Amino acid sequence: RHLKWDVEYMYWSPDCEERVVMGINGQFPGPTIRAHVGDIIHVDLTNKLGTEGVVIHWHGIRQLGTPWADGTASISQCPINPGQTFTYRFVVDKAGTYFYHGHYGMQRSAGLYGSLIVDVPEGEHEPFHYDGEFNLLFSDWWHQSVHEQEVGLHSKPLRWIGEPQTLLMNGRGQYNCSLLPNFGNSSSTQCKFKGNEQCAPQVLRVLPNKTYRLRLASTTALASLNIAIGKHKMIVVEADGNYVQPFAVEDLDIYSGESYSVVIKTDQNPNQNYWISVGVRGRQPKTPPALTILNYKKIPSSKLPSISPPITPAWNDYNHSKSFTKSIFSLMGSPTPPASYDRRLLFLNTQNRIDGYIKWSINNVSFVFPPTPYLGSVKFGLKNVFDQSSPPEDFPASYDIMSPPANPNSNTGNGVYKIDYNTTVDIILQNANALAANTSEIHPWHLHGHDFWVLGYGEGKFTKGDEANFNLKNPPLRNTVVIFPYGWTALRFVADNPGAWPFHCHIEPHLHMGMGVVLSLAVDKVKGIPTDALACGHTADMFLKKKYLP
Ligand SMILES: O=C1O[C@H]([C@@H](O)CO)C(O)=C1O
């Protein structure tokens with residue numbers, strides 16, 4: 001798959017209001033990549049942004065042997081400068097529902113994303129049947145420019161980005177009109193689509209009595225979501241590119257960074273259409289649900305459903321979310337984790353202050369991106385470019401996770417957790433109270449370069465005794481996992497992919513405010529890094545050697 005992409009800003013109307021978005025080849029969202037297992041994806045990415053750098057991360061693709069193609073600014077590569085072209089070249093080795101997105105500053109929020117679908121090799125079959133499929137990539141959208149969002153996040157006092165104006169499905173949503181007559185407040189008018197508007201919803205057109213696969217992925221900057229389809233149950237079959245033990249749900253939670261496949265049967269009255277709703281979870285929703293229509297083809301899609309849209313669960317019904325999340329198990333026959341770990345990292349998630357700026361910290365360190373990519377600085381042993389001391393592996397046992405931090409002051413840092421090659425690592429993500437009393441938020445954590453097994457979830461503070469309840473039999477393999485308010489999540493992975501890999505909260509403003517860490521492993525084994533990946537910071541100095549030309 002040889003692709004030539006130009007990234008540029010352009011005018012677009014994602015929610016029927018014109019704004020500036022980041023597009024690829026004149027499209028928003030960017031083009032869908034569709035490939036088979038084993039294919040090489042080759043993307044010549046040209047930055048046409050004018051005044052800022054860009055990179056693209058291929059979310060969920062492990063980049064076995066190609067860590068330089070992971071597309072993370074400051075970690076796997078230098079930002080691609082305006083006018084320059086960088087070539088990403090990697091193998092897609094596992095079938096599944098993936099996506100790609102910007103991984104520099106807040107470029108995901110600016111609209112830099114698209115779908116990446118990997119099919120099983122030609123002649124092979126998925127472990128479930130379907131007659132047709134649809135692909136829905138969810139995102140959230142602000143009317144404030146991404147530059148204002150970014151400046152607000154590092155201002156004192158913090159100017160928080162607030163809740164999104166609109167939820168988008170495949171880059172389409174409605175802000176100043178509604179698909180529903182009189183939805184929400186009475187001032188919202190009904191949309192009149194001719195069908196070719198940039199914000200016109202993508203209708204799912206189906207035949208009766210068939211089975212459809214819906215690929216669902218969330219690249220939201222902030223919002224956690226729930227999707228429900230009127231009158232149709234969904235059978236969950238895939239999560240983050242891994243098969244799961246099929247189970248039926250009425251509605252499904254999806255956090256930023258996650259993907260699922262569900263199958264539905266079109267066995268309802270074919271003389272009706274049905275609403276599909278997507279609502280906000282975990283934060284007080286100020287954003288109306290996104291809506292589209294499941295259209296039984298023999299009637300027009302413009303015929304509004306007679307049954308009102310399914311109401312997604314209340315934003316703070318965490319029991320509902322936990323019950324869904326804890327129902328996910330790997331499909332029988334999937335790889336199982338090693339029985340024990342070599343090293344355990346405990347990561348306390350807190351909201352803090354540094355000089356009065358609001359940040360997020362892991363074990364009291366708020367991550368800042370260095371100007372030299374770790375892949376180069378670790379490989380070449382450059383000592384003066386990032387903190388050389390190993391960041392903290394745990395936090396004081398006496399820390400009270402139920403209250404705002406007693407001493408909210410934190411430190412910035414950019415140290416690296418050096419992981420030994422082929423060892424088994426456990427990470428316990430520990431949630432806590434944020435700065436405001438009685439507040440603890442949802443954080444979806446995403447690991448680059450590896451999938452991990454989710455061994456368990458619990459309430460309150462993790463204790464050694466909780467290990468006894470770890471699921472070592474059929475834990476799901478994932479690349480993104482949620483921590484619930486005041487709870488913990490345990491995961492395990494085998495560090496077998498040399499590279500420099502971020503592990504971070506997938507809420508984009510939270511990562512921007514320091515909520516992440518970097519792991520490095522066996523970087524000496526990494527071969528064939530393109531020099532243009534490292535032509536910035538101290539690695540550029542190293543390549544240039546001579547400071548002045550004769
Ligand atoms: O990082 C965040 O900042 C705000 C709030 O805590 C401060 O205004 C919020 O809701 C976040 O998730």
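Worth saying up front: this structure is predicted, and the values here are computed from it rather than measured. Numbers for residues simply follow the sequence, beginning at 1. Counting convention: from 1, in listed order, for ligands and their atoms alike.
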| request: Using the side-chain contact (heavy atoms from CB on, under 4.5 Å) rule, pick out the option among T372, V416, V518, V368 that qualifies with F386. | output: V416

| request: Identify, for atom 7 (C) of ligand 1, the protein heavy atom at the shortest distance, and state residue, atom and that distance. | output: L158 CD2, 3.8 Å

| Looking at Y399, does the NZ or CZ of K461 lie under 6.0 angstrom from its six-membered ring centre and within 45 degrees of the ring axis? | no

| field | Numbered atoms of ligand 1 (with element) below 4.0 Å of M513, judged on heavy atoms | value | 1 (O)

| query | Which is it for R159 and E148 under the salt bridge (Lys or Arg N to Asp or Glu O under 4.0 Å) test, yes or no, and what are the steps along the way? | reply | CA-CA 9 Å; R159 299 197 200 186; E148 284 181 81; over 6 Å; no

| Tell me, which protein residue and heavy-atom name are nearest atom 10 (O) of ligand 1, and how many Å apart are they? | R283 NH2, 2.6 Å

| remark: In this structure, atom 5 (C) of ligand 1 is nearest to the protein heavy atom Q351 NE2, 4.0 Å

| task | Quick one: look up the protein heavy atom nearest atom 1 (O) of ligand 1 and list residue, atom name and how far away it is. | result | W360 NE1, 2.9 Å

| Do R343 and E393 pass the salt bridge (Lys or Arg N to Asp or Glu O under 4.0 Å) test, and can you show the C-alpha distance, the side-chain angles, and the key distance before you say yes or no? | CA-CA 10 Å; R343 182 169 171 195; E393 311 244 327; 2.5 Å; yes

| query | Is the backbone of F503 close enough, under 3.5 Å, to the side chain of H446 for a donor and an acceptor to pair up by distance? | reply | no

| query | Where is the nearest protein heavy atom to atom 4 (C) of ligand 1: which residue, which atom, and how far? | reply | W160 CD2, 3.5 Å

| field | H59: which of E258, H103, H101 passes side chain to side chain donor-acceptor pair (under 3.5 Å) | value | H101

| request: Give the numbers and elements of all ligand 1 atoms closer than 4.0 Å to a heavy atom of H510. | output: 1 (O), 2 (C), 11 (C), 12 (O)

